[in-house]
Asker: 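Below you will find the structure I want to go over with you.
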Amino acid sequence: MEKLSNNQIAWRAAQDIADGAYVNLGIGFPEKVAQFQPDGREAIFHTENGLLGFGQAPEAGSEDWDLINAGKKAVTLKPGAAFFHHADSFAMVRGSHLDVAILGAYEVAENGDLANWSTGPKGVPAVGGAMDLVHGAKRVAVITDHVTKKGQPKLVKRCSLPLTGVGCVTRVYTSLAVIDIENGRFVLREKLPGLSLEDLQAVTGAELLVPGAVADLVVPEV
Amino acid sequence: MEKLSNNQIAWRAAQDIADGAYVNLGIGFPEKVAQFQPDGREAIFHTENGLLGFGQAPEAGSEDWDLINAGKKAVTLKPGAAFFHHADSFAMVRGSHLDVAILGAYEVAENGDLANWSTGPKGVPAVGGAMDLVHGAKRVAVITDHVTKKGQPKLVKRCSLPLTGVGCVTRVYTSLAVIDIENGRFVLREKLPGLSLEDLQAVTGAELLVPGAVADLVVPEV
Amino acid sequence: MDKTVSDLATAVAGIEDGMTVMIGGFGGSGSPIELIHALIDRYRETGHPKDLVVINNNAGNGHVGLAALIEAGMVHKLICSFPRSADPVVFTEMYLAGGIELELVPQGTLAERIRAGGAGIPAFYTPSSYGTDLAKDKPVAEFDGRMYVQERWLKADVALVKADTADTFGNLTYRMAARNFNPLMCMAASEAIVQASRIVDAGGIDPEVVVTPGIFVQKVVEVADPLQEEDLNRANAAYSLEA
Amino acid sequence: MDKTVSDLATAVAGIEDGMTVMIGGFGGSGSPIELIHALIDRYRETGHPKDLVVINNNAGNGHVGLAALIEAGMVHKLICSFPRSADPVVFTEMYLAGGIELELVPQGTLAERIRAGGAGIPAFYTPSSYGTDLAKDKPVAEFDGRMYVQERWLKADVALVKADTADTFGNLTYRMAARNFNPLMCMAASEAIVQASRIVDAGGIDPEVVVTPGIFVQKVVEVADPLQEEDLNRANAAYSLEA
């Protein structure tokens, strides 16, 4: 089945970020969203470790290891940046000051539950700021492949993995579709033009509502 | 009856402030304590409105009304001062970072209760930071005349006026004596040399314990 | 992105009847007098906004700033810690006549409730006011053998804030003890409206010395050489007479 | 008053077996490596302190700093949000072998619990972790129709902190994102021990730009040109081998 690349999923998510928005991008895949900001729109990126207004990575060899993001990667400063301590940083998160948080997912359920921090009791557990972000930002979106590497649905009726948050996700950008979560149901908004509704439903673990026109999910090569 | 002046009471209280102590002085009479710091000892004064390390009032006409204390009086800065917002200021108070708070009183009870914010339901009530200070500083001391203007005891068995705090005061400096509060009882530590124990007890509203030697309360003319 | 608005009237144009308005300052220091007066101007012209709930540490002094707002009859209820001042006649008379409600809150609890509103903390426990009249009807709980009072967050529709320098992103610094409640109120209000003595481009404030990050600020308006309440009161100014 | 101490060994001399020690930093940035290594030196010489409870956002990286402290066997329990790193082998192996306890706390809750400890707030409510395994056995409550988890303050006997500039009164500034947990830990510990790149006289830091007021700091020691964990790990340094 044809599907979007991770870059393309990130590109699509970036199109929904307004000029002047305050945005937190989860560690890893979601960080890609910053690369695809539409021209003329300026988003201000927040990182949990106490910085608003950071920019892209510096050139290798010119890193300053006091200037990093939550993924411990070196970043740079943009004009208008500000430093603050961790309690103020999570006041921004918990106090609903972020416009959007974009996170990865193991599973997203139709009731908005998210599982993205633990695959079970094996190994060393680690949660970071995920449980704060899901209850803080005005809009919590997920970017993810539509299915697992084994082909199993990641959009499910109820999460089977340990939850990160309850009823928190409102939009999911996948490799096949854009799906909103409304009133405890998946609502299809966009799908790849070559993909039938039946085929999409077949790889989705809960019913997709189609209340109106479904737009074509068209993304440039990026 | 001979008694100490307000300046002398403040002088006595100042002798118990260690070098390097962080101190909050209540509005009004307690502010006098700052004038009597012993030579060679440096106390750092905190004011609720977001300043550590202020000094005496500027000359009239050279006030800066952005640089005031909790009594809204103009102050000056000493080297090593710091500004901060109100939540941080009361974190210092509530979090037991102040070494001592010295407050005025309408009544102090032998169980350590303090009444110093309201004389009853008439008029406009106002509390300020008093209820925070009494539960925050490591040591809460009171300076006060030993009796009211009508001659009634201010040191009492139980407060009759609305409470500022429960079981919070540990030492009282009065115009006649220095009294500790221990295990819910007044313990006499110092009294004016010319004053008999009986006469002191007669103007005190609860029993004074005298577990050991009572020192003479000797204060210079100030 | 540019959060600058052109003038005071525009800055306060969105404040509606019945809103909760936090006003920064401790007495006169840090009080956004020009924003308050712009709000009074609007009320005189349009009859709105009225029935405001105002959160401030005090209740105004003399006949300018917050006192003038109360005198104009725009304030339904005041939440504060210390409604006394050198010249408290406006609030005192209205309160004793039953013309304004008062919720009295210990100062540290007031600051922490506002900070909690900004930080997404709906309730917390404090030792302050335990066993006093101000804790009446509030839940209490014991932790580690000591009793505490449960207090709720305070939020507002709007905050009126006085800063020293703002940049176009809304990053702020303050001047000396004029900081006080202002940074907390920026956090706790849906819309923080800031008057600043100067506005600079983004990048014009060192990121290390920003006190209020721009994420907490929605509008900034420049008011060079702002008035000081204390100076006005020493000159016996009255905003009602100036209008 | 002068809070300066002459050297690192003196700075950490009072830390005893079983103490709770907050250690600043987020990963390597803001990590007080020299103070940690001084503590390891003392343990090698005297066998103390051991059985420490350490509070840090992470669990160390490579074989320096916090990882070396854990590797030395001095840490009984770790309270953190993210015990993973580029090279987490020290903690991972010890944890999986049952040699160290872990209390996992969401990062924002960790920060707020430490701030609460410093601010005298014994408990507060947060939406974070509600309905998840990390809220198991914690009290919950509803406010305004939404569910929240009650969390308790965190305090410590000692905090090890990295600052940029300190004055002799203990006023501090930090360098960029090395600020992170450091100011909070100064507040929440009975004794905040600070290494600073430079120490200046009282008055040497503008009162407007102080991040941590000196009231929260008990000892400062100068460590010019402090090591960066990231640089050490890229050079495959191991503190055990250097000793």
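Fair warning: this is a prediction, and the values are worked out from it, not measured in the lab. Lettering follows sequence order; numbering is per chain, from 1.
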Asker: Rounded at 0.5 Å granularity, tell me how far CG in A:D88 sits from CE in C:M187.
Answerer: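 That separation rounds to 5.5 Å.
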Asker: Taking all atoms of both residues into account, what is the closest heavy-atom pair of A:R94 and C:A119, and its distance?
Answerer: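 Reported closest heavy-atom pair: NH1-O, 2.8 Å.
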Asker: Select, from C:A188, C:G214, C:P207, the one with the greatest count of heavy-atom pairs under 4.5 Å involving chain A.
Answerer: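 Going by pairs under 4.5 Å, I would pick C:P207.
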Asker: Minimum heavy-atom separation for C:N171 and A:G80, please, with both atom names.
Answerer: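 Distance-wise, the nearest heavy atoms are ND2-O, 2.8 Å.
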Asker: Specify the closest pair of heavy atoms between A:P79 and C:A202, including all atoms of both residues, with the distance to one decimal.
Answerer: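 Minimum heavy-atom contact is CB-O, 3.6 Å.
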Asker: Which pair of heavy atoms, one from A:L52 and one from C:P213, lies closest together, and at what distance?
Answerer: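 Here A:L52 and C:P213 meet closest at CD1-CB, 3.8 Å.
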Asker: State whether the number of non-hydrogen atoms from other residues, nucleotides or ligands found under 6.0 Å of A:Q35 atom CD is greater than 12.
Answerer: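 For A:Q35, atom CD is crowded (more than 12 foreign heavy atoms under 6.0 Å).
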Asker: Mind running side-chain contact (heavy atoms from CB on, under 4.5 Å) on A:E42 and C:F169 for me, showing each step along the way?
Answerer: CA-CA 11 Å; A:E42 182 166 31; C:F169 281 16; 3.8 Å; yes
Asker: Would you say the side chain of C:I215 lies within less than 4.5 Å of the side chain of A:L98, judging by non-hydrogen atoms?
Answerer: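 Contact flag for A:L98/C:I215 side chains = yes.
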Asker: Let me know if C:K155 has heavy atoms under 4.5 Å from chain A in its side chain, its backbone, both or neither.
Answerer: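 Neither part, no heavy atoms under 4.5 Å.
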Asker: Can you name the closest pair of heavy atoms from A:I44 and C:M1 and give their distance?
Answerer: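 So the minimum-distance heavy-atom pair works out to CD1-CE, 2.9 Å.
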Asker: Can you confirm whether more than 12 heavy atoms, excluding those of C:E142, are under 6.0 Å from its CD atom?
Answerer: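 Yes, the 6.0 Å shell around CD holds more than 12 heavy atoms from other groups.
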Asker: Check C:G118 against A:H97 and note the closest heavy-atom contact, atom names and distance.
Answerer: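 That closest heavy-atom pairing would be O-NE2, 2.7 Å.
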